[in-house]
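Chain letters run A, B, ... following the sequence lines, proteins first and then strands; every chain starts at 1. Only heavy atoms go into these numbers, but all of them, side chains included; no hydrogens, no water, no symmetry mates.
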Amino acid sequence: MPILSVSRVLKSPAEAIGTEATVQGWVRTRRDSKGGFSFVALSDGSCFDAVQLVVPADLPNYQSDVLRLTAGCSLEATGTLVQSQGKGQGVEMQVKSLKVYGFVEDPDSYPIQPKPHTFEYLRDVAHLRPRTNTFGAIGRVRHTLAMAIHRFFHENGFSWIHTPIVTGSDCEGAGQMFRVSTLDLANIPKTPEGKVDFSQDFFGKETHLTVSGQLNVETWCTALSKVYTFGPTFRAENSNTSRHLAEFWMIEPEIAFADLHADADLAEALLKYMYRALLNERPDDMKFFAERIDKECVTRLEKFVNATFERITYTEAISLLEKAVAKGEKFEYEPKWGIDMQSEHERFLTEKVFGRPVAVMNYPKDIKAFYMRMNDDGKTVAAMDILAPGIGEIVGGSQREERLDMLDKRLDEMRLHKDDYWWYRDLRRYGTVPHAGFGLGFERAIIYATGMQNIRDVIPFPRTPRNCQF
RNA sequence: UCCCCUGUAGCUCAAUGGUAGAGCGGCCGGCUGUUAACCGGCAGGUUACUGGUUCGAGUCCAGUCGGGGGAGCCA
């Protein structure tokens, strides 16, 4: 007897009907009919929908097992796939035998009831929330997007570089980092000067979890030309918002012989590829998101994959904001050339002016990182942020400074120690090349696609300040 | 970290400082090719925690912890 996924059963009804099969999964609901049978909605997560089992009361274990089934029970059913007599579904299974693997110990307190739950509540039962419609859909969407990303890069000649999670560079950027150490916290070895003696630590030096694979991946970029990283990233910032996680996944491509415009082209092509794949491969889940989470999400993606990307310079962005102020728009912070844009400014641009993501390019050098390439005006650097409505920054990237003298000047200006960057500087000394890259926040890309409001609900186990359950 | 809001049954929420309630879910029964089923009944509570005010606190006050929204940092 072939074991079929629910997806296989429901996808091609014409083939399925009339055949015998076995299905396995977890009960969503059970309804009893006195017509001599029970209906059991069975889900195995292979697609959005559950398959309906019609279980006749004359099965030997009908009283003992079937009538005890509640949401969450696991079982295997074998029977004939038939055209449904009811309205809600095309195919259903006329069950001939049914085996329960596991009952729900206490149905009264089983956390996942067949009713809407708040997302806040479901975070407390994150080990069971994948059994809900929403989180099942999130899981499949997340996978689909991850696969699309790898496929996009692979098809375009990129190599996936596995940059390290543990880093010895304390120069990755401004972000607060998580310490990695095997020292005994209750008995920390000290140097004669009274400082922590990291020479006795596991790596013989201070180490942390990475906040970005960029610096490492740049090295491989100057050999394999087109590379990317895709992995977990850690920020020990005390951020309590709906779009920040302490552990999140980031995609960071890096391309050689490329400038900022090529960088923006790449970001645009990648995002369009991802969302096109999502629309093609997960129409069932996207239909659900459009019905229950965010009415606009499907039309938003359809528009996104077909539209040209909006691109403006930082200077133009500020001038748009200033014009808005002149027309009476109120901001808490006055937009002015030289300031970092506030959330309210980004929202105004993406939500009110354009109504879709916008790439903002060439920011003032003083508000950006040391490695970004100085523009000829001497005031701005070749940086690029892609801002999305409701999320803010979804992509942050730049053309990198490939000229050693300019890089050193920036390091000096920002009072950073050149020695700490010796291998990064070597790339500029040995066959340097113009190159560019960006970081795409994976969870933020999922938020944009699904309309989910909180980043904690698009990752299986969210890590946030004071929360590392599960 | 800052500002605002919030914590009551398994879940979602009610309850003027005066006997803690409903819907859903669960259990029992009825009805039905049902599908967020429907009808009747039953069970279910240290009102987040600690302290205070009061004759009396779910309600008022203080602290702690958790949650939400917004801000900053950013992906």
query: Is any side-chain nitrogen or oxygen of A:Arg28 closer than 4.0 Å to OP1 or OP2 of B:rU34?
result: no
Listed nucleotide nearest any side-chain atom of A:Arg444, set B:rU34, B:rG10, B:rC74: B:rC74
query: So, A:Arg131 and A:Tyr110: side-chain donor and acceptor under 3.5 Å apart, yes or no?
result: yes
message: Would you call the rings of A:Phe304 and A:Tyr275 parallel, tilted or perpendicular, taking 30° and 60° as the class edges?
response: perpendicular
Residue from A:Trp160, A:Phe442, A:Tyr273 passing ring pair (Phe, Tyr, Trp, His ring centres under 6.0 Å) with A:His150: A:Trp160
- request: Consider the side chain of A:Asn467, meaning its heavy atoms from C-beta on, and name the nucleotide among B:rG33, B:rG67, B:rC73 that approaches it most closely.
  value: B:rG67
message: Counting runs of three or more consecutive pairs, Watson-Crick or G-U wobble, with each distance below 3.5 Å, where are the stems of RNA chain B?
response: B:1-7 with B:65-71, B:10-13 with B:21-24, B:26-30 with B:38-42, B:48-52 with B:60-64
- prompt: Quick one: which of B:rG69, B:rG70, B:rG33 gets closest to the side chain of A:Arg347?
  reply: B:rG70
query: Pick from A:Ile386, A:Val360, A:Leu387: which one makes a side-chain contact (heavy atoms from CB on, under 4.5 Å) with A:Thr350?
result: A:Leu387
field: Side-chain donor/acceptor contact of A:Ser84 with base of B:rG33 under 3.5 Å
entry: yes
message: Centre-to-centre under 6.0 Å for A:Tyr333 and A:His345, is that the case here?
response: no
message: Once hydrogens and angles are ignored, does a donor-acceptor distance under 3.5 Å link the base of B:rC27 to the side chain of A:Arg68?
response: no
message: Using a 4.0 Å heavy-atom cut-off, does A:Glu120 contact any base of the nucleic acid, only the sugar-phosphate backbone, or nothing at all?
response: sugar-phosphate
message: Both A:Pro465 and A:Gly441 contact RNA chain B. Taking the nearest nucleotide for each, which residue is further toward the 5' end?
response: A:Pro465
message: Between B:rG25 and B:rA37, how far apart are the two P atoms, rounded to whole Å?
response: 7 Å
message: Measuring from the side chain of A:Pro107 (C-beta onward, heavy atoms only), which nucleotide among B:rG25, B:rA75, B:rC27 has the closest atom?
response: B:rC27
- prompt: Across the strands shown, which category fits A:Ile394 at heavy-atom distances under 4.0 angstrom: base, sugar-phosphate, nothing?
  reply: sugar-phosphate
field: Nearest-angstrom distance, C1' atom, B:rC60 to B:rU54
entry: 10 Å
message: Looking only at the side chain of A:Asp340 (C-beta and beyond, no hydrogens), which of the listed nucleotides B:rG26, B:rC73, B:rU34 gets closest?
response: B:rC73
statement: Of A:Asn238 and A:Gln94, the one whose nearest nucleotide on RNA chain B sits closer to the 5' end is A:Asn238
query: Of all the nucleotides listed (B:rU34, B:rG25, B:rC27), which has the minimum atom distance to the side chain of A:Arg31?
result: B:rU34
message: For a 4.5 angstrom cut-off between non-hydrogen side-chain atoms, does A:Ser38 reach A:Tyr62?
response: yes
task: Examine the base of B:rU34 for any acceptor or donor lying under 3.5 Å from a partner atom in the side chain of A:Asp32, and report the outcome as yes or no.
output: no
task: Compute whether any side-chain donor of one residue and acceptor of the other, for A:Ser212 and A:Glu252, lie under 3.5 angstrom apart.
output: yes
- request: May I ask you to say what A:Phe37 touches in the nucleic acid, namely base, sugar-phosphate or nothing, with a heavy-atom cut-off under 4.0 Å?
  value: base
message: On the nucleotide B:rG68, are OP1 or OP2 found under 4.0 Å from the side-chain N or O atoms that A:Ser242 carries?
response: no
task: Looking at every strand, decide which applies to A:Val395 at a 4.0 Å heavy-atom threshold: base, sugar-phosphate, or nothing.
output: sugar-phosphate
- request: Choose from B:rG67, B:rC11, B:rC74 the nucleotide whose nearest atom is closest to any side-chain atom of A:His117.
  value: B:rC11
query: Are A:Phe230 and A:Phe153 close enough that their ring centres sit under 6.0 Å apart?
result: no
- prompt: Quick one: A:Asp263 CG to B:rA75 P, roughly how many Å, whole number?
  reply: 13 Å
query: Does the ring of A:Phe248 lie flat against the base of B:rA75, closer than 5.5 Å centre to centre with planes under 30°?
result: yes
- prompt: Quantified in whole Å, what is the P atom distance between nucleotide B:rG21 and nucleotide B:rG58?
  reply: 13 Å
field: Polar pair under 3.5 Å, donor/acceptor by atom type, side chain A:Asp108, base B:rG10
entry: no
query: Between A:Leu122 (CG) and B:rG10 (P), how many Å, whole number?
result: 16 Å
query: A:Thr70 side chain: which of B:rG26, B:rU34, B:rG10 is closest?
result: B:rG26
- request: Measure distances between side-chain N and O atoms of A:Gln85 and base N and O atoms of B:rG33, and say whether any donor-acceptor pair falls under 3.5 Å.
  value: yes
field: Whole-angstrom distance between B:rA36 and B:rC31, as gauged at atom P
entry: 22 Å
message: For the aromatic rings, using the six-membered ring if either is Trp, is the centroid distance between A:Tyr424 and A:Tyr371 under 6.0 Å?
response: no
message: So, OP1 or OP2 of B:rG69: does either fall under 4.0 Å of a side-chain N or O from A:Asn454?
response: yes
message: Looking at A:Arg151, I want to see if its CZ is surrounded by more than 12 non-hydrogen atoms of other residues, nucleotides or ligands under 6.0 Å.
response: yes
- line: Quick note, A:Asn240 side chain, CB onward, closest among B:rA71, B:rA75, B:rG33 is B:rA71
- prompt: According to a strict under-4.0 Å criterion, is A:Thr241 in side-chain N/O contact with OP1 or OP2 of B:rG70?
  reply: no
- prompt: Roughly how far apart, to the nearest Å, are B:rA43 and B:rA22 at atom P?
  reply: 11 Å
task: Assign A:Glu92 to base, sugar-phosphate, or nothing according to its heavy-atom contacts below 4.0 angstrom with the strands shown.
output: base
message: Can you see if the side chain of A:Gln342 gets near the phosphate of B:rG72 - specifically, an N or O under 4.0 Å from OP1 or OP2?
response: yes
message: Taking only the P atom of each, what is the distance from B:rC42 to B:rC24 in whole angstrom?
response: 15 Å
- request: Using a heavy-atom cut-off of under 4.0 Å over every strand shown, decide if A:Arg456 touches base, sugar-phosphate, or nothing.
  value: sugar-phosphate
- prompt: Taking OP1 and OP2 of B:rC65, is either one under 4.0 Å from a side-chain nitrogen or oxygen of A:Arg466?
  reply: no
- request: Under 4.0 Å between any heavy atoms, over every strand shown, what does A:Leu245 touch: base, sugar-phosphate, or nothing? Just pick one.
  value: base
message: Among B:rA75, B:rG72, B:rU32, which nucleotide has an atom closest to any side-chain atom of A:Ser239?
response: B:rG72
query: Would you say A:Ser33 reaches B:rU34's phosphate, i.e. side-chain N/O to OP1/OP2 under 4.0 Å?
result: no
- request: Run the ring-centre check on A:Phe354 versus A:Phe348 and record whether the distance is less than 6.0 Å.
  value: no
message: Between B:rC4 and B:rG63, how far apart are the two P atoms, rounded to whole Å?
response: 12 Å
field: Nearest-angstrom distance, P atom, B:rG56 to B:rG44
entry: 29 Å
